[in-house]
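Below is one structure, written out as structure tokens; comments come after it.
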Amino acid sequence: MEVHVLDRESRPNASYRRVVSTMFCYTLAAAAGASLYFASVLDAKSLLIFIMGVLGSFPLLRITLAGRGDPLSPGVLLPFTYMLYALGPLTAAGFFTDDTYVLYLLFQILGLLSMVVGLHIGIRRQDAGSRRGTFQDPRPCESVSRRTRLMLLATAGVLLMVAIPSVLSQLYAFGGLGGLIKTGYGGARYLVLNSSLTFGTGFEWWLLGSVLLAFCGITFRNTVHFWIGLVLYVGLALILLLIGGRSTLVYTLLFGVALYHYGYRRISSRVVTLGLLVGIGAAQFYALARYYLPGGLLYAVSQTWSGVLRNPLLLAPWTTGEFINPATSLLEILQYGGPHLLFGASYFPALGGPIPFVARLFAQVGFDPNAWRLQRFHPEVLAAGGGLGFSPVTEGYMNFGVLGIVGHMFLYGYSIGWIYRRLSTNSSTSMILLFAGSLPAFMLDGMRINTTSFMYKWTRSYLMPWIIFVVLELFFRTTTAGATRPARRPANG
């Protein structure tokens, strides 16, 4: 029987004290900001930036200093990444007025508050009926039954098997490995993929299967599985490094971290915070190095290293387009205007995202806000096959105005909060896979692409381990039930 150990933060009184202390800190920060504003030290724009910084960074700062709690909780990580994407456009020079910046920050703060409320309700709504722990001692996957172990290994095997033809189809589209490396990871790559017949998201499936196989090796103490998974991951990771595939590596590593944290051994909050900051710096370093990749990976690293030594601020989150371009979409619409209210038209294609061969049919009926943005403001990027990302706050605003921001971000936070709560009350292998596949998508992708693209990547890439495991679980359960069902006695007479 599974045992959950309550830590101090999961007790009712501690929960109330935490809420009170959090509100006190927010009130103190707001009072400090208001004092600086009325003293003419901060203008309206700077005051809003200060508020955004406090709201986004406080959960991570609090859990790091306290040294307890769950550092991978979406209530900790999502506000932080939201803050990075929201403040990113403010560091780039643009043709926007101060009034536009102020309105932009107000909308972003509204979106952040709506997401935090959704997270809180999604995570805490079952507290009245359940006082189970919050992963102070998560149940290791090594304690599961032999059948579950076999299903976990089978999930990794099936994922790798379906990844092979998918990777081969993509290599064939580029004319081989040399053609893929020569094309790189920019707009030219997406033009080739869109004009070719490919199967699945092979690189993601391969890396996810490799991570899962290495995880099985760690938890089941099988060095063969661990080294096979590690070799398979590193081999494909080197290819992605040669073409500039940063995001795929980041997301699959986050998937592995979540598996380890919830399925094997808890990672301390300070280690997670340090890893997060180092990871952001490393990702920014590689983003800068991509400009030198035509000269080779070692040349790119050496050139970037020289530049970073001269100016260490190049490793800050907002020196590349990752944290700048997506939310700039809101600034552009506020400054120059957007289409009429869409009333949900951009969400309709997302319904077909999880379904193979159907997504393109739904896309023809709905509205693509990202394509509209590129056609309106960046036709040269669209012509080259590139993209700039898209903010969820912008999409909510385009559909239903200010109410759309509130509704979109509330549901966004509630969805991942609900998944996290299910994990906390039932830390089964299935729920660990579900949350591990959801955390990278909600933490990063959902902040930088429109809903249709997000649903496609979430369900077709990062939830595949969970989907395969659930199918295998249902298959074994049905087979076992059929084998143990007593034979029906013939009727007398």
All pairs passing side-chain hydrogen bond (donor to acceptor under 3.5 Å, both in side chains) where residues 267-279 contributes a residue, at least two apart: Thr64-Thr273

Under 3.5 Å side-chain donor-acceptor pair for Asp70 and Tyr262: yes

Contacts of type salt bridge (Lys or Arg N to Asp or Glu O under 4.0 Å), residue Glu322, not counting sequence neighbours: Arg246, Arg448

Results of side chain to side chain donor-acceptor pair (under 3.5 Å) for Trp466 - residues two or more places apart only: Ser430

Test item: side-chain donor near acceptor, Asn325 and Thr328, under 3.5 Å: no

What pairs of donor and acceptor atoms, side-chain ones from residues 103-117 against any protein atom, are under 3.5 angstrom apart with sequence neighbours left out?
{"from": "Tyr104", "atom 1": "OH", "to": "Ala86", "atom 2": "O", "distance (Å)": "2.5"}
{"from": "Tyr104", "atom 1": "OH", "to": "Gln108", "atom 2": "NE2", "distance (Å)": "3.2"}
{"from": "Gln108", "atom 1": "OE1", "to": "Tyr82", "atom 2": "OH", "distance (Å)": "2.9"}
{"from": "Ser114", "atom 1": "OG", "to": "Leu110", "atom 2": "O", "distance (Å)": "2.8"}

Minimum heavy-atom distance Ile419-Ser438, with the two atoms named: CD1-OG, 3.8 Å

Atom of Gly337, atom of Arg376 and distance for their closest heavy-atom approach: O-NH1, 3.4 Å

Side-chain donor/acceptor pairs under 3.5 Å, residues 377-387, sequence neighbours excluded:
{"from": "His378", "atom 1": "NE2", "to": "Glu332", "atom 2": "OE2", "distance (Å)": "2.7"}

Side chain to side chain contact (heavy atoms under 4.5 Å, CB included) partners for Ile239, two or more places apart: Leu177, Leu180, Leu236

Those residues that, when tested against Tyr85, pass ring-ring contact (aromatic ring centres under 6.0 Å, His included) (two or more places apart): Phe323

ring-ring contact (aromatic ring centres under 6.0 Å, His included) against Tyr251, all qualifying residues, sequence neighbours excluded: Tyr462

Residues which pass ring-ring contact (aromatic ring centres under 6.0 Å, His included) with Trp205, listed by chain and number, not counting sequence neighbours: Phe199

Partners meeting ring-ring contact (aromatic ring centres under 6.0 Å, His included) with Trp458 (sequence neighbours left out): Phe442, Phe454

When the side chains of residues 338-347 are checked against the rest of the protein, which donor-acceptor pairs come out under 3.5 Å, sequence neighbours left out?
{"from": "Ser346", "atom 1": "OG", "to": "Glu395", "atom 2": "OE2", "distance (Å)": "2.8"}
{"from": "Ser346", "atom 1": "OG", "to": "Asn399", "atom 2": "ND2", "distance (Å)": "2.7"}
{"from": "Tyr347", "atom 1": "OH", "to": "His408", "atom 2": "ND1", "distance (Å)": "2.7"}

Set of residues satisfying side chain to side chain donor-acceptor pair (under 3.5 Å) with respect to Ser453, sequence neighbours excluded: Asn450

